[in-house]
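In this text the structure is predicted, and so the values were computed from the model without any measurement. Values below: all heavy atoms of this structure, side chains included; hydrogens, waters and symmetry mates excluded.
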Amino acid sequence: MKFTQVRNATAILEYADKRFLIDPVLADKEAYPGFTGTLNDHLSWPTVDLPLSIETLLDVDAVIVTHTHPDHWDEAAIQRIPKDIKVFVQGDDDEKQLHDAGFTNVHVLGNHTPCGDIQLSKTLGQHGSDHTTSLLGDVLGEVCGIVFSHPKEKTVYFAGDTVWNRFVVDAIEQHRPEVIVLNVGDAQVPGLGSIIMGKHDVLNAHKALPSATIIATHMEAVNHAALTRSELRSFIAAQGILDYVLVPEDGETCELQPTF
């Protein structure tokens, strides 16, 4: 498998001879105003340019949208992605939203959703603490993760936009992934705290499954992200887990050999 960090949570996964575009955000740098009420909401985002061409990003077999917040599925993606491409979404509401936008090949993820001979499994998440979601549940909405499995590839778990909680622990215990992709930009709502994971959750994931390779994504591209790659690298070095955690730059590809 190959994981290419694009920007924010946008990534390309090359897996069992298929290419997946994950959570596409395709707008130019600073196309959108900051998210109101979040950290640094005076800043426009994306805060960085796309490192790859749109043509390269759209050369895929399928798109996966873990949820339809605009930093995972933006207006530029809606306009630029071919309407007949296969798209996987988390549920009926997102399916309807994409159908209303003109997409004709939309599939709802379940526990055992096939894509060729690859199995996709939806996992649960929570976009903030219990307290935060009790106050902002309508805004934060439902989110999901996804597990990719294939006999000739490592099992890969994308946790999605979630804090560390029972859903993440359950997914790790159930699927025993060899690769765990974590959204660890530590996005912040002042007064309410983190709405996705941060550096300590990388350590939590390592402790939960010490043999897994962890890939850190969703960093340094939206106004409310508080954790930098530099800070994360310093943290994992201090914890002695550098050999287990990859922190790719935008445009960088990580290749992980299959295990037989």
Given 3.5 Å as the limit, does a donor-acceptor pair link the side chain of D74 with the main chain of A27, or not?
yes
Any sub-3.5 Å donor-acceptor pair from D59's side-chain atoms to T56's backbone N or O?
no
Does either side chain, that of D94 or that of H67, offer a donor lying less than 3.5 Å from an acceptor on the other one?
no
Could you walk me through whether D170 and Q174 pass side chain to side chain contact (heavy atoms under 4.5 Å, CB included), step by step?
CA-CA 6 Å; D170 288 348; Q174 177 183 349; 5.9 Å; no
Are H224 and Q188 close enough that a side-chain donor and a side-chain acceptor fall under 3.5 Å?
no
With under 30° as parallel and over 60° as perpendicular, where do the rings of H150 and Y15 fit, or are they tilted in between?
perpendicular
same_hphob_cluster(L120, V87) at 4.5 Å side-chain heavy-atom cutoff:
no
Is there a path of hydrophobic side-chain contacts, each under 4.5 Å between heavy atoms of I/L/V/M/F/W/Y residues, joining V143 to I196?
no
Run the side chain to side chain contact (heavy atoms under 4.5 Å, CB included) check on V202 and M197 step by step: do they pass?
CA-CA 8 Å; V202 173; M197 295 190 208; over 6 Å; no
Please confirm whether the backbone N or O of T10 pairs with a side-chain atom of N8, one donor and one acceptor, at under 3.5 Å?
no
Kindly check if the number of other-residue, nucleotide or ligand heavy atoms within 6.0 Å of CD (E142) is above 12?
no
Give me the one residue out of V48, I54, L52 that meets side chain to side chain contact (heavy atoms under 4.5 Å, CB included) with L50.
I54
Say whether, by atom type as modelled, one donor and one acceptor occur between the side chain of W45 and the main chain of A31 under 3.5 angstrom.
no
Within the 4.5 Å heavy-atom criterion, are V245 and H206 side-chain neighbours or not?
no
Could you tell me whether the side chains of S44 and N223 share a donor-acceptor contact shorter than 3.5 Å?
no
Will you find, in the side chains of Q5 and T217, an N or O donor that is under 3.5 Å from an N or O acceptor?
yes
Minimal heavy-atom distance between L182 and A205, with the atoms involved, is CD1-CB, 3.8 Å
Between CD on residue E153 and CG on residue D17, distance to nearest 0.5 Å:
8.0 Å
Do the side chains of E249 and R233 get close enough for a salt bridge, i.e. N-O under 4.0 angstrom?
yes
Worked verdict on T123 versus V147 for side chain to side chain contact (heavy atoms under 4.5 Å, CB included)
CA-CA 7 Å; T123 64; V147 174; 3.7 Å; yes
Answer yes or no: is there a side-chain heavy-atom contact under 4.5 Å between D161 and H218?
yes
Begin from the C-alpha positions of T68 and Q97 and carry the test side chain to side chain donor-acceptor pair (under 3.5 Å) through to its verdict.
CA-CA 9 Å; T68 57; Q97 184 174 330; 3.2 Å; yes
Could you tell me if the side chain of P46 sits less than 4.5 Å from the side chain of R7, heavy atoms only?
yes
For a side chain to side chain donor-acceptor pair (under 3.5 Å) check, start with the C-alpha distance between D186 and S194, then their side-chain angles and the critical distance, and finish with the verdict.
CA-CA 6 Å; D186 197 18; S194 303; 2.4 Å; yes
Show the nearest heavy-atom pair for residues G128 and V163, with the distance to one decimal.
O-CG2, 3.5 Å
Spatial distance of atom CG (D117) from atom OG (S149) [nearest 0.5 Å]
10.0 Å
Residue pair V106 / H99, side-chain heavy-atom distance below 4.5 Å
yes
Using the rule given for side chain to side chain contact (heavy atoms under 4.5 Å, CB included), can you reason through V108 versus F88, listing the C-alpha separation, both sets of side-chain angles and the distance that settles it, and then say yes or no?
CA-CA 6 Å; V108 175; F88 293 94; over 6 Å; no
Using only heavy-atom distances, determine whether the side chains of N105 and H107 contain a donor-acceptor pair under 3.5 Å.
yes
Assign the ring pair F235 / H200 to parallel, tilted or perpendicular, where the plane angle (0 to 90°) is split at 30° and 60°.
perpendicular
Is it true that Y157 and H175 have ring centroids separated by less than 6.0 Å?
no
K122 side-chain N/O to H112 backbone N/O, donor-acceptor pair under 3.5 Å:
no
Side-chain heavy atoms under 4.5 angstrom apart, residues restricted to Ile, Leu, Val, Met, Phe, Trp, Tyr: same cluster for L192 and V139?
no
On a heavy-atom basis, which atom in P70 and which in F35 lie closest, and how many Å separate them?
CG-CE2, 3.6 Å
Electrostatic pair K96:D100 at N-O distance under 4.0 angstrom:
yes
Side chains of T66 and D23: donor-acceptor distance under 3.5 Å anywhere?
yes
So, taking the atom named CZ in R229 and the one named OG in S234, what distance separates them when rounded to the nearest 0.5 Å?
14.0 Å
Can you find a heavy atom in the side chain of T155 that is under 4.5 Å from one in the side chain of V179?
no
Please answer whether the main-chain N or O of Q126 pairs with a side-chain N or O of T162 as donor and acceptor at a distance below 3.5 Å.
yes
Approximate separation, where rounding is to 0.5 Å, of L26 CG and L21 CG
7.0 Å
Is the closest side-chain heavy-atom distance between T253 and I12 below 4.5 Å?
no
Exceeds 12 heavy-atom contacts within 6.0 angstrom, atom OH of Y244
no
Decide yes or no for V63 and P24: does some side-chain heavy atom of the first lie under 4.5 Å from some side-chain heavy atom of the second?
yes
Would the distance check show the side chain of R19 and the main-chain N or O of A62 forming a donor-acceptor pair, the cut-off being under 3.5 Å?
no
Do I236 and I180 belong to the same hydrophobic cluster, where Ile, Leu, Val, Met, Phe, Trp and Tyr are linked whenever their side-chain heavy atoms lie under 4.5 Å apart, directly or via other members?
yes
Can you check whether I195's main-chain N or O pairs, donor with acceptor, with H127's side chain at less than 3.5 Å?
yes
A216 versus P248, closest heavy-atom pair with distance:
O-CD, 3.6 Å
Please check this pair: side chain of Q239 against backbone of I241, looking for a donor-acceptor N/O pair closer than 3.5 Å.
no
How close do M219 and L227 get, counting heavy atoms only, and between which atoms?
CE-O, 3.7 Å
Are side-chain heavy atoms of P177 and V156 found at a separation under 4.5 Å?
no
Parallel under 30°, tilted from 30 to 60°, perpendicular over 60°: which one fits the rings of F158 and F3?
tilted
Which atoms form the tightest heavy-atom contact between I78 and A101, and what is the distance?
CG2-CB, 4.0 Å
As a quick check of understanding, evaluate ring pair (Phe, Tyr, Trp, His ring centres under 6.0 Å) for F20 and F148, giving each step before the final call.
CA-CA 11 Å; F20 296 87; F148 294 75; 5.1 Å; yes
In one Ile/Leu/Val/Met/Phe/Trp/Tyr side-chain cluster, 4.5 Å: V65, L109:
no
Any sub-3.5 Å donor-acceptor pair from T38's side-chain atoms to D41's backbone N or O?
no
For the rings on F103 and W73, is their centre-to-centre separation under 6.0 Å?
yes
